[in-house]
Amino acid sequence: MAKIKQRLKNLRILPTFLLITIGFILIAMLLAECEKTAIRNAQYEIAFQYSDVVEGFNARKVWGNDFIAFLSEHHSNSMQFYEALNWILPPLTYFICILTGGLLFYKVKIQQPIFLLTSAADKISKNELDFSLYYDKSDEMGKLCEAFEKMRSALESNYREMWRQMDDRKKLNAAFSHDLRTPLTVLEGHLGMLQNHEYSATF
């Protein structure tokens with residue numbers, strides 16, 4: 001059971017879409033038939049109340065104009081209402097089932113990886129690379145998240161290397177400036193001494 005669940009979890013996007021769509025269409029067909037049966041039974045209940053009034057009563061032919069003439073206004077309105085439901089409910093059922101299937105597909109396959117990728121892209125745009133992107137499915141979205149994580153990791157490595165090089169350069173510049181400062185100080189001292197000596201010699 002766990003293996004089947006794992007295989008369904010890692011199923012590719014197109015087969016998952018087809019599986020969910022076909023499943024919800026079958027559910028819609030079943031529900032539509034149940035609705036038609038329920039509506040027809042409700043109409044039969046009304047019709048059977050007139051079985052002793054209508055000559056040659058046949059429950060399967062209760063929607064003809066001859067039969068409707070015998071109905072009370074309330075029952076006539078009820079029959080028309082049920083007939084309207086018979087036309088409206090099946091398409092509505094199909095629409096609701098397909099919409100539910102689409103929402104389920106989005107929730108199962110699209111919502112989480114899109115959220116992870118959007119959050120990761122937002123962090124990368126702010127140069128916040130100290131995170132990891134993990135998505136536990138191996139479908140197309142899982143591979144996309146894996147590729148995004150590799151890109152993030154490469155960017156982080158490049159930034160670390162860049163900062164290391166900048167730090168090395170700062171240390172090198174500091175060492176050069178220190179090494180240059182000492183002889184310059186000595187030269188300045190000697191120059192000062194020479195200037196003082198020349199000044200003394202002129203007097």
Taking only residues two or more places apart in sequence or in another chain, which ones pass salt bridge (Lys or Arg N to Asp or Glu O under 4.0 Å) with K126?
-> D122

Pairs flagged by ring-ring contact (aromatic ring centres under 6.0 Å, His included) wherever residues 12-33 is involved - sequence neighbours left out = F17-F105

Sorted by chain and residue number, the salt bridge (Lys or Arg N to Asp or Glu O under 4.0 Å) partners of D130 (sequence neighbours excluded) come out as none

How would you list all residue pairs meeting side-chain hydrogen bond (donor to acceptor under 3.5 Å, both in side chains) that involve residues 97-107, not counting sequence neighbours?
-> none

Once you round to the nearest 0.5 Å, how far does CD of E83 lie from CZ of R40?
-> 7.0 Å

Sorted by chain and residue number, the salt bridge (Lys or Arg N to Asp or Glu O under 4.0 Å) partners of K109 (sequence neighbours excluded) come out as D139

Roughly how far apart are L85 CG and L89 CG, rounded to 0.5 Å?
-> 5.0 Å

Rounded distance (nearest 0.5 Å) linking atom OG of S78 with atom CD of E73 = 10.5 Å

Determine whether L155 and L116 fall in the same hydrophobic cluster, where Ile, Leu, Val, Met, Phe, Trp and Tyr are linked whenever their side-chain heavy atoms lie under 4.5 Å apart.
-> yes

Indicate if I25 and L92 have the same hydrophobic cluster label, given that clusters are the connected sets of ILVMFWY residues with side-chain heavy-atom separations under 4.5 angstrom.
-> no

Sorted by chain and residue number, the salt bridge (Lys or Arg N to Asp or Glu O under 4.0 Å) partners of E128 (sequence neighbours excluded) come out as none

Please step through side-chain contact (heavy atoms from CB on, under 4.5 Å) for the pair M151 and I124, ending with a clear verdict.
-> CA-CA 10 Å; M151 182 188 72; I124 288 172; 4.1 Å; yes

Residues 108-161 vs ring-ring contact (aromatic ring centres under 6.0 Å, His included), sequence neighbours excluded, gives none

Output every pair passing ring-ring contact (aromatic ring centres under 6.0 Å, His included) with a member in residues 76-99, not counting sequence neighbours, ordered by first then second residue.
-> none

Salt bridge (Lys or Arg N to Asp or Glu O under 4.0 Å) contacts in which one or both residues fall within residues 19-38, not counting sequence neighbours | none

Walk me through it: do E161 and R164 pass the test salt bridge (Lys or Arg N to Asp or Glu O under 4.0 Å)?
-> CA-CA 5 Å; E161 180 63 21; R164 187 189 65 76; 2.5 Å; yes

Quick one: closest heavy-atom pair of I27 and C97, and the distance?
-> CG2-SG, 4.2 Å

Are I13 and V108 linked, directly or through other ILVMFWY residues, by side chains that come within less than 4.5 angstrom of each other?
-> yes

Any chance CE of M29 has more than 12 other-residue heavy atoms, nucleotides or ligands included, within less than 6.0 Å?
-> no

Given the rule that I, L, V, M, F, W and Y join up when any side-chain heavy atoms are under 4.5 Å apart, are L18 and I98 in one cluster?
-> no

Inter- and intrachain pairs under side-chain hydrogen bond (donor to acceptor under 3.5 Å, both in side chains), touching residues 16-31, at least two apart | none

Side-chain contact, heavy-atom cut-off 4.5 Å: L117 with L133?
-> yes

Pairs where residues 146-156 contributes a residue and the test side-chain hydrogen bond (donor to acceptor under 3.5 Å, both in side chains) is met, not counting sequence neighbours = E149-R152, R152-E156, E156-R160

Residue pairs passing the side-chain hydrogen bond (donor to acceptor under 3.5 Å, both in side chains) test with at least one member in residues 110-120, sequence neighbours excluded, are none

Any chain of hydrophobic side-chain contacts (each under 4.5 Å) joining L104 to I110?
-> yes

